[in-house]
Structures are given as structure tokens and as C-alpha cells.
Amino acid sequence: MTPAIIAFVVLLLIGAPVAVVMAMSGLAGGFAMGGERMLGIIADRMFSGVSGFLLIAVPYFIFTAELMNQGGLTQKLIAFNNALFGRVRGALSHVNVSVSVFFAGLTGAAITDTVAIGKIMIPEMKKQGYDAEYAAAITACSSIIGPIIPPSVVMVVYATLLRDISVIDLFAGGIIPGLLMAVALLAVSFFLAWKRGYPKQAPTPFKVAAVAFLVALPAMIVPLIILGGILSGMTTITEASGFAAVYAIAIGVVFYRTLTWRKIWHALVVTVRFSGVVFFLLATSAVLGWFVTRSGIARDAAGLITTFSDSTFLQLLLVCALLILVGTVMDVLPALVVVAPVLVPAMIQLGVDPLHFAILMIVVLNISNVTPPVGMTLMTAARIANVPFERAIIASLPFYVAFIVVILLLVTFPSLSTWIPSLLG
């Protein structure tokens, strides 16, 4: 175990890519356990980590999201949501959150949400008198709803790493927590808009709102196609993701007429690049996960957690604090593939519902996406708003408090994560 830990710490400190850190750590640990004969097993583990049929859905989801971005879907969703909130004080702030909820059903990735929505909403919010750092903060904080409300690339990766939970249960379990996060953000948004006197717009005529709804409707059907087919049992995850990509091309080319062959090609290039990163992480995480299982690290982690408290509530809070700490220095997917093989078996040994913990882990790691010093979504939004990262951090604090409340609710009431999956049997 010691060679693996030394390799992990040293490589992480010198700034090696996370995938390399996991591969070399597993290699060092395996070699220490069984010598050269373990090298063949490690190669087999890497292959098995990316050979699952479920993983075919990952590039399809990424491709669908990129097609929607290239097709200008964001403007359609913003126009419709602006028609809903236009007469309310701080309208664009609320629109920012509501658009992220709709967009979550299309992208499944926080950084995609930040860029697509931020490039339109942040300049418009600054133009109407909102503080630039506030515009960056609300955009970044609402973007992390994307990987929680299904479909979600993060959930597909989780289901591949820990195969004791189906991706269907994860999708269903993320609905209520994602909506809770949206409600919490809207509550803070309404309060700050009232306190700071942010502007409101003229009421939108019913005919204009109806037209905006009809224009956005074909795009809003995409999540229904994906979730409806999966949760009803009519399609598998992979089939639904493939059909969604075909549908996205169809509406982009035929209905909206905004997708060109050049844009489709660009979407394919982005999909290949992002998918390559995801699959490399999964291959190397399989090596580390195999070593963690063989070495008994998960058992030791469970014992360490119980030394602090026998209360499940306090144990979960302790793990959430650890996840936030990990998320401050690593992005969501790398953090997930590093900590999940250790923490999930440990928490199951302590009697925690695996689905409840899975949703809690995904939520907390995504919240850490707006936590400095890394905070990729917040850093990206700050760059779009052209404000110092430090000012964006301060502006995000009220929303961070709202997220802490959501975490406490999820820890206290496991049914918030398990109720809908239980209805589906």
C-alpha cells in the first residue's frame, strides 16, 4: 500500500495529469503486491474500465449538447424564460437560473452550461445594470445544476465506476436534488434583487410569450425523449442518447435551420476530444479501483470514519467536508474517479444507502466546482464577465450558503434522493 500512496502523493504534487497519477499509483501498488505478474492484470483492468456498453452513451450525450450549442438553442431558451420572469425585479438573474434548469436536460456538463449561457446572459446583465461579479456568480452557481438533473455524463461515469447502482436510478435520483438547488438559488436571487434594487422589464405580451414557447418547444422536447424513453423502459440509455443526437441534428437543420455541416463537424471534434479525456480517466481509474479493492483501503477508510463518530449524520457531514476539500483542487470527473472507489465501499459498510450516497457525492463534488482555488465554472464565468476571480468568489458566497442548506437537507432526508427511484421500482 505504501508505494501506491507515495506514488499518488508525489505525482499529484508535481502536477502530473490525474489519469497518469491513478495509473502509476495502481501500477506501483500492484507491483508491490505481486511483482511482474500483476502487470497483465493491470492492462486487463484498463481495458475493462472502458469496455462497458453503457459508455457508448457518453459521446452521444456530449455530441447532443454540442449540437444544441452550435444550433443556437440557448437564445431560444433565454427568450422563453425571459417571457416568464420579465416583469419580476431582477428578471435576468432569475432567468439565468431557470435557463440552467432547462439546459441541464440537454448538456449534462456544468462548464458547457457556463459558456453557452454566460456568453449571452453576462453581457446582457452588465448592460442592464447588474454587478459584473454578481452576473458571473449566478451564472457559475446555476450551471452546476447541469450534471445533477439528468441526463448527466457524471452519472454515467459513476454507474460505470461503481456498478452496484444503475444509471437509471441515478438519473431518477438526481431530479429532486437538482430542482432543490434551483429553488435555493432562486430564493437567494429574489432576495438580492429586492435588496439591491436590480431592474425589471416591461411585461411580455401573451402573444409574444406564446411564440417564444413554441419556438423553444422542439428543443425542450429533447430531455423528454431521453428521460421518457429510459424511465419508461422503452429504450436503453445508449439508445436514448443516440436518438437524442439524431433528433438534435434534425431540429437544428430542418426546424431552426441554424446547423450547418461546418457546425456539425465542429461538434464532432469537440465530442471526440472530451470523450477521449473521459475514457482515459475511466481506464486509469479502473486500475486504481482494483488496487483499492485488493489492498483493503476501503475497509480501513470505513474504520477511520467510525473513529470520529458513530452517528451516520455526522459521518456523512464529515465525508461531505472531505469531498468539498478534494473538489477545491480537482475538477468533478477526476475527483469522482479518485475518491469514489474508496469512499463508496466504506460508506456502504457503515450502512449508508448506496443510491443516497451516490447522489450526495455527485451534488457535493459539483458544488465544489464553484469553490476556490480551482472552481472551474466560477473561474470561467469570471473571465466572461471580465472581473477578478476574487470578486466573483465574494459575490458567490450567498449562493454557496444556499448550497450548504441543500446539502444538509439531502443528508437529513435520504428520501429526497431515493423517492423517485423507489416509485420506478
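Looking only at atom types and distance, the side chain of T371 has a donor-acceptor partner in the side chain of Y400 under 3.5 Å away. With hydrogens and angles left out, the side-chain atoms of H356 and T418 include no donor and acceptor closer than 3.5 Å. Side-chain contact of Y134 with S93: a donor-acceptor pair under 3.5 Å is present, judged by distance alone.
Heavy-atom contacts from other residues, nucleotides or ligands closer than 6.0 Å to CZ of F279 number more than 12.
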(message) What verdict does the side chain to side chain contact (heavy atoms under 4.5 Å, CB included) test give for Q315 and L318, after you've listed the backbone C-alpha separation in whole Å, the side-chain angles of each residue and the deciding distance to 0.1 Å?
(response) CA-CA 5 Å; Q315 290 169 353; L318 176 66; 5.6 Å; no

(request) Could you walk me through whether I144 and F403 pass side chain to side chain contact (heavy atoms under 4.5 Å, CB included), step by step? (result) CA-CA 11 Å; I144 64 174; F403 286 148; 3.5 Å; yes

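Side-chain contact check for Y158 versus V344: some heavy-atom pair is nearer than 4.5 Å. By the 4.5 Å heavy-atom criterion applied to side chains, F171 and V156 are counted as neighbours. The shortest side-chain heavy-atom distance between L186 and H94 falls under the 4.5 Å cut-off. I359 places a side-chain heavy atom less than 4.5 Å from the side chain of L355. Counting only heavy atoms from C-beta outward, the side chains of F357 and V319 approach each other to under 4.5 Å.
A distance of 9.0 Å separates CE of M181 from CD1 of I149, quoted to the nearest 0.5 Å.
Closest heavy-atom contact between C320 and L360: SG-CD2, 3.7 Å.
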